[in-house]
Every structure is written in structure tokens, then in C-alpha cells.
Amino acid sequence: MSAPIQLPAHSLVAEGAQQILATIKADLEFGAFRAASLEYSEDWQCFTGFPVVANWNLETDSVPLFEEGLRALALKAAVHALTKDERAAEIPIAVPVDEMTHAMLAQAQLLTRIAKAHGISIIHQTDQEHTDYRVGGYTTECYRLAWGEPPARYWLDHEEVVRRRGVLAGLYESIGMGHSGREHQLSFATA
């Protein structure tokens, strides 16, 4: 059994995350990275990440959610910078925010160049990630110290995400989409 992960003080993570976020945004390639991440919208067909946001609208939600994704990556990078522990850096992130980080991580060349140029470690590994974000938990406290209150629209508590996914699953089932959109019996045969 491994020892419990020791996480750094909230204030240290907040300070580090603020610096990391400012550094990323000041990079000459940031504009291209931002544009590419937002252009990824044509491929945003997730059935259980973004759709848990009430009245989800790609046009109005993508830009603010991009900012939240950046903040999440900055928080994780700050924890890593302080601990040098990838497992520790996988702090809980809300599902919609995590989904946005996937769109950002899909811009691998740009994000890698930006991070490497500034000695930043971008942390994300699906089998290690924690999308069990809890309002008031470690991540919330770090975020509050860095930027104020996390927007409740995107930083949804884990239990609420589970509830909303249940609602979505029922709706998907009603139109023949099984396993929350991960399977169906449509043959796409033409008449």
C-alpha cells in the first residue's frame, strides 16, 4: 500500500498557478494555441462531459470554459512543480473542465512547445485523473486563493455530475443511444 499523497499548501499552489497561467498566456504561441483549442469544437461530440452543463451552448460556453481549462492545467502544473509527483498533481477537476483540457491537450505540438519553453509540466493521464471534484475541497481552495470563486456553472460537484449523467443516460436511451452515447444499433442503411 502506497503512502498517502502529501499535497502542498493551498497558498503555494495558488501562487504557482497564477504565475504559470500568466506565463502561458504571455507566450508568443498562445494565440495560436487558443484558436486551435477553440476550433476543436467541430470534434466536441462528448456525450457525458460538456452536456452536464445546464443549457450547454458551444458558442457561448467555449471561451469561458477554455479559461477554466487553462486554470485547471495551471493548478495541476503548480502542484507538480512543488511536489515533482505526477500522481499528486492529478488533483480533482470538474468533469466539464476536464473535458475542455482534452480539447487543449489535442493541440499537442503547440502546448508542448509552450510548456517546454517555460519549464512547465502539463499533467494529464486519463487513468490517473480525478474527475471527482468536490466543491470546497483541495482544488476549490487553491482556485479561490488564485482567482476567486470557481464558476459553479462549470465546476460542478461530483455528485451533481453523476446525477446529471443519469438524466442524460435516460434521454440517450430513449433515442436508441446506449451506454451514454457509446453504443447504438443504427445501421445507417439507405432505403
Side-chain angles (χ1 to χ4, degrees), residues 1-27 29-30 33-34 36-37 40 46 48-50 52-53 63-162:
M1 187 168 155
S2 60
I5 296 173
Q6 294 296 320
L7 294 171
H10 303 113
S11 59
L12 294 176
V13 174
E15 182 181 321
Q18 288 173 323
Q19 292 171 356
I20 289 166
L21 185 62
T23 299
I24 290 171
K25 286 182 169 183
D27 189 273
E29 290 196 276
F30 178 75
F33 168 68
R34 182 180 184 278
S37 295
Y40 192 68
C46 173
T48 59
F50 296 131
V52 299
V53 173
V63 171
L65 197 49
F66 176 80
E67 181 69 22
E68 297 311 311
L70 275 178
R71 289 175 176 182
L73 290 177
L75 287 168
K76 290 167 72 168
V79 172
H80 185 266
L82 291 163
T83 64
K84 304 299 184 220
D85 184 338
E86 291 179 9
R87 281 188 7 188
E90 287 287 5
I91 59 175
I93 302 297
V95 167
V97 177
D98 178 68
E99 192 65 34
M100 183 66 208
T101 67
H102 295 177
M104 299 163 96
L105 293 164
Q107 315 317 314
Q109 297 90 332
L110 285 167
L111 185 55
T112 299
R113 279 197 305 268
I114 292 169
K116 187 175 180 180
H118 304 287
I120 299 168
S121 293
I122 300 298
I123 303 298
H124 182 83
Q125 185 173 324
T126 301
D127 67 339
Q128 300 293 317
E129 74 182 352
H130 292 280
T131 54
D132 54 348
Y133 171 79
R134 300 294 196 294
V135 173
Y138 182 81
T139 305
T140 304
E141 293 308 312
C142 294
Y143 187 108
R144 281 180 181 150
L145 289 171
W147 304 292
E149 196 64 32
R153 177 167 177 74
Y154 306 117
W155 288 89
L156 295 166
D157 192 83
H158 178 69
E159 280 75 22
E160 180 59 13
V161 168
V162 170

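It should be emphasised that the depicted structure is a prediction, and the values quoted were computed from it without experimental measurement.
We find the CD-CD1 distance between Q107 and I114 to be 10.5 Å, quoted to the nearest 0.5 Å. Distance CG/L73 to CG/L111: 7.0 Å, rounded to 0.5 Å. One distance of note links CE of M104 with CG of L65; it measures 9.0 Å at 0.5 Å rounding. The distance from the OG atom of S37 to the CG atom of L105 is 8.5 Å, given to the nearest 0.5 Å. Considering CG of D98 and CG of D132, their distance stands at 10.5 Å, rounded to 0.5 Å.
Judged by distance alone, the side chain of T139 and the main-chain N or O of P92 form a donor-acceptor pair under 3.5 Å.
For the residue pair H118 and D27, a side-chain donor N or O sits within less than 3.5 Å of a side-chain acceptor on the partner.
For E129 and K76, the salt-bridge test fails: no basic side-chain N is under 4.0 Å from an acidic carboxylate O.
Using a 4.5 Å heavy-atom cutoff, the side chains of E90 and I123 are in contact. Side-chain contact between L156 and V52 is present, with heavy atoms from C-beta onward closer than 4.5 Å. Side-chain contact between I120 and I24: present, with at least one pair of heavy atoms (C-beta onward) separated by less than 4.5 Å. Using a 4.5 Å heavy-atom threshold, the side chains of H158 and Y133 count as separate.
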Report the C-alpha distance between F33 and R113 in whole Å, list the side-chain angles of each, state the deciding distance to 0.1 Å, and finish with yes or no for side chain to side chain contact (heavy atoms under 4.5 Å, CB included).
-> CA-CA 10 Å; F33 168 68; R113 279 197 305 268; over 6 Å; no

Show your working on side chain to side chain contact (heavy atoms under 4.5 Å, CB included) between L75 and I91 and close with a plain yes or no.
-> CA-CA 8 Å; L75 287 168; I91 59 175; 3.9 Å; yes

Given the rule in the side chain to side chain contact (heavy atoms under 4.5 Å, CB included) test, do T83 and Q6 qualify, once you have shown the distances and angles that lead to the verdict?
-> CA-CA 8 Å; T83 64; Q6 294 296 320; over 6 Å; no

Salt bridge (Lys or Arg N to Asp or Glu O under 4.0 Å) evaluation trace for K25 with E67 = CA-CA 10 Å; K25 286 182 169 183; E67 181 69 22; 2.9 Å; yes

List the steps and the verdict of side chain to side chain contact (heavy atoms under 4.5 Å, CB included) for F66 and T101.
-> CA-CA 8 Å; F66 176 80; T101 67; over 6 Å; no

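Nearest heavy atom pair, residue L7 against residue A88, reads CD2-O, 3.5 Å. I93 approaches A72 most closely through the heavy-atom pair CD1-CB, 3.8 Å. Considering all non-hydrogen atoms of both residues, A14 and C142 come closest at CB-O, 3.4 Å. V79 and P8 make their closest contact through CG1-CD, 4.2 Å (heavy atoms, listed as atom of the first residue, atom of the second, distance). In this structure, G16 and A78 approach most closely via the heavy-atom pair C-CB, 3.8 Å.
Evaluation of the side chain to side chain donor-acceptor pair (under 3.5 Å) test over residues 143-157, restricted to residues two or more places apart or in two chains, returns D61-R153, D61-Y154, E68-Y143, E68-W155, R71-Y143, E141-R144, R144-E149.
Taking the salt bridge (charged side-chain N to carboxylate O under 4.0 Å, His left out) definition, one finds that E86 meets it with nothing, sequence neighbours left out. Scored by the salt bridge (charged side-chain N to carboxylate O under 4.0 Å, His left out) test, E15 finds no partners at all (sequence neighbours excluded).
Note on ring orientation: taking the six-membered ring where Trp is involved, the planes of H124 and H102 are perpendicular (angle over 60°, cut-offs 30° and 60°).
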